[in-house]
Amino acid sequence: MVLTTALTRYLKRPELFLDLANDLGSSSADLRKRFPVLNPSTGELLAEVPDMSADDARLAIERAHAAQEAWAGLTARARSNVLWNWHRLILEHSDDLGAILTAEMGKPLAEAKSEISHAAAYVQWYAEEANRIYGETISAPSNDRRMLVIKQPIGVVGAITPWNFPASMVARKISPALAAGCTMILKPAEQTPLVAGAMFALAKLAGFPDGVINLLYASVGDTVGRELCTNPKVRKISFTGSTEVGRLLMRQCSDQIKRMSFELGGNAPFIVFDDADVGAAVDGAIQAKFRNAGQTCVSANRIYVQSQVYAEFAEKFTERARTLKVGDGFDPDVTIGPLIDRDALRKIEAHVEDALHKGARIQCGGRRVGTSGTFFEPTVITDVFSTMRMAQEETFGPLAPIIRFEDPDHVVREANDTIYGLAAYFYASNLKRVWRVAEALEYGMVGINTGRMSSEAAPFGGIKQSGIGREGSRHGIEDYLEMKYLCMGGL
Ligand code: NAP
């Protein structure tokens with residue numbers, strides 16, 4: 001068994017991953033086939049992990065299926081206790097987990113540690129929530145019968161997670177599923193398998209029985225993803241990633257009408273009205289735009305500022321953006337790490353080029369930093385119009401386009417004019433405006449006078465093509481439960 005007290009050893013010792021794959025995962029198959037995990041700050045090889053196949057996925061599904069009845073048969077308190085153990089171990093190992101996360105994903109170490117705390121908070125929340133699964137009784141229309149509703153676990157769940165929050169996404173899926181009595185097979189993103197592996201090793205120590213959670217590593221998502229979507233023993237798919245891949249998985253699940261939870265892409269508007277506290281709006285926009293180098297699904301993608309406060313906002317925001325320091329996430333002064341890969345660099349460059357070509361102006365940044373790594377300067381662009389690519393597509397990088405507006409009603413229509421509906425933000429002080437705008441924005445989450453709203457206590461998720469279902473809060477566990485109506489007659 002892998003010694004979790006020496007998690008950092010993973011980074012140099014591929015054989016530990018083979019142990020992990022044999023022990024927790026799923027198989028037998030040819031674990032000599034491996035794929036590399038690179039540090040995006042340096043390009044250095046961190047580790048090689050087993051590249052699993054559809055056969056491995058099938059075996060993992062069998063294990064999860066075999067374990068599910070006994071896991072669901074435990075008392076809620078017993079399931080909760082194992083989650084509490086996992087929570088404690090994650091906190092005890094948070095320094096190691098944070099370091100692994102920074103090494104494979106690049107985000108600054110302080111952000112990585114904050115993500116580990118956030119992951120632990122989800123486990124804690126669902127350790128508590130496991131004990132609060134309630135049914136209902138219904139007043140029957142006749143006296144000779146009784147009607148009630150019970151909640152039962154869906155069964156085996158296949159989960160697929162992205163690279164941008166590789167620890168908290170694992171916790172956000174595993175903890176509500178296990179609290180509900182489901183079992184799970186999880187495939188982390190190709191770029192960030194290490195922190196997921198470490199969290200699985202801790203879960204094993206926490207006492208999850210064999211087969212209850214299963215880890216699959218794969219260099220090509222489709223290899224194991226297709227098996228998860230088409231194997232009838234998997235009753236639900238929980239996916240976080242791009243809308244494009246979400247659509248594909250939905251099609252693959254459609255033959256079996258599988259249950260689905262999807263947390264997909266976004267194109268978040270951030271609106272500053274003329275009655276806003278401009279200093280607070282700048283603080284909020286810096287957070288909402290540059291956290292994780294802009295690589296978050298709730299990242300402010302379009303910043304709309306009303307003309308009366310436009311100049312003041314643009315100047316103060318640009319000043320703050322210039323103070324952000326780009327570099328290796330292990331440097332304690334760094335606030336912006338690398339982008340995940342070269343494709344991400346090319347996308348941000350294409351967005352800048354398109355905007356400049358159409359008349360926008362760069363206030364700061366706009367270029368790569370250095371020749372090794374995948375660093376890009378924090379960039380502010382003004383004179384942006386809604387027709388530019390950066391306002392239409394999710395940039396997923398440290399690029400802030402500022403768009404001037406005059407008419408408050410028009411800006412809300414413009415903010416809603418997208419296929420996405422994940423997160424929106426606005427700053428205003430007039431109470432009437434605050435209510436009207438909050439209700440009019442077609443988004444699953446709205447931040448009012450704040451640039452940060454993610455919490456284990458709140459329902460995270462989108463509408464339109466940003467997703468189906470919610471993670472976090474009391475609602476998150478419902479996504480892993482079926483409702484069964486019982487009707488007792490002849491009374
Ligand atoms: P992605 O390309 O959709 O990949 C996400 C996951 O899906 C990865 O594990 C990937 O595996 C896997 N995958 C890719 N193609 C697959 C296929 N054909 N079948 C099965 N699995 C497949 O997204 P990403 O680039 O990692 O993440 C960025 C996107 O995620 C952004 O759009 C962002 O907005 C969204 N996101 C949404 C939320 C939310 O809560 N709404 C949170 C975070 C991120 P490989 O790595 O092996 O390709």
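In what follows, residues are counted from 1 in the order of the sequence shown. Remember, it's 1-based here, ligands and their atoms both numbered in the order they're listed.
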For [X] and ligand 1, answer yes if some heavy atom of the residue is under 4.0 Å from a ligand atom, otherwise no.
| X | result |
| --- | --- |
| Met169 | yes |
| Gly467 | no |
| Phe262 | no |
| Phe165 | no |
| Glu471 | no |
| Leu249 | yes |
| Ser219 | yes |

Among protein heavy atoms, which sits nearest to [atom], and what does the distance come to when rounded to 0.1 Å?
| atom | result |
| --- | --- |
| atom 35 (C) of ligand 1 | Gly241 O, 3.2 Å |
| atom 36 (N) of ligand 1 | Cys297 CB, 3.6 Å |
| atom 27 (O) of ligand 1 | Pro162 CB, 3.6 Å |
| atom 18 (N) of ligand 1 | Leu248 CD2, 3.1 Å |
| atom 48 (O) of ligand 1 | Gly221 N, 4.2 Å |
| atom 16 (C) of ligand 1 | Val245 CG1, 3.6 Å |
| atom 32 (O) of ligand 1 | Glu394 OE1, 2.8 Å |

Salt bridge present between [X] and [Y] (N-O < 4.0 angstrom):
| X | Y | answer |
| --- | --- | --- |
| Lys358 | Asp354 | yes |
| Asp331 | Lys325 | yes |
| Glu111 | Lys107 | no |

Are the side chain of [X] and the backbone of [Y] linked by a donor-acceptor contact shorter than 3.5 Å?
| X | Y | answer |
| --- | --- | --- |
| Gln68 | Gly181 | yes |
| Asn214 | Leu186 | no |
| Thr374 | Arg342 | no |
| Asn231 | Lys233 | yes |
| Thr102 | Gly98 | yes |

Just by distance, no angles: are the side chains of Lys173 and Thr240 close enough, under 3.5 Å, to form a donor-acceptor pair?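 The answer is yes; a qualifying pair exists.
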Can Arg302 and Gln392 be counted as having a side-chain donor-acceptor contact under 3.5 angstrom?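 Per modelled atom types, Arg302 and Gln392 side chains form no pair under 3.5 Å.
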Could you list the atoms of ligand 1 found under 4.0 angstrom from a heavy atom of [X]?
| X | value |
| --- | --- |
| Leu422 | 41 (N) |
| Gln191 | 46 (O) |
| Gly225 | 20 (C) |
| Ala218 | 47 (O) |
| Phe239 | 3 (O), 5 (C), 6 (C), 7 (O) |

Proximity of [X] to ligand 1 by residue part, where a heavy atom lies under 4.0 Å:
| X | answer |
| --- | --- |
| Arg226 | neither |
| Leu264 | backbone |
| Val224 | neither |

So which of [options] gets nearest to [atom], if we judge by its closest heavy atom?
| atom | options | result |
| --- | --- | --- |
| atom 45 (P) of ligand 1 | Arg172, Glu227, Lys187, Gln252 | Lys187 |
| atom 3 (O) of ligand 1 | Ser242, Ala189, Gly461 | Ser242 |
| atom 43 (C) of ligand 1 | Ile160, Asn164, Thr161 | Asn164 |

Heavy-atom check, side chain of Leu264 versus side chain of Phe239, under 4.5 Å: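 Side chain of Leu264 against side chain of Phe239, heavy atoms only: contact under 4.5 Å found.
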Tell me, yes or no, whether the heavy-atom count around Arg235 atom CZ, taken from other residues, nucleotides or ligands under 6.0 Å, exceeds 12.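 Not buried by this count: 12 neighbours or fewer within 6.0 Å.
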Aromatic ring proximity Phe270/Tyr427, centre distance under 6.0 Å: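 That pair passes the under 6.0 Å test.
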With ring centroids as reference points, do Phe460 and Trp125 lie under 6.0 angstrom apart?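 Judged by ring-centre distance (under 6.0 Å), Phe460 and Trp125 do not meet the cut-off.
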Check: Trp163 N/O within less than 3.5 Å of ligand 1 N/O: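 Indeed, backbone or side chain, Trp163 has an N or O that close.
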Would you check whether Glu190 has a nitrogen or oxygen atom less than 3.5 angstrom from a nitrogen or oxygen atom of ligand 1?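 Min N/O separation from ligand 1 is below 3.5 Å for Glu190.
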Say you draw a straight line from CD of Gln124 to OG of Ser175; how long is it, rounded to the nearest 0.5 Å?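 Between Gln124 CD and Ser175 OG, I get 11.0 Å after rounding to 0.5 Å.
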Nearest 0.5 Å, what's the CZ-CD1 distance between Phe200 and Ile213?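 If we round to the nearest 0.5 Å, Phe200:CZ and Ile213:CD1 are 4.5 Å apart.
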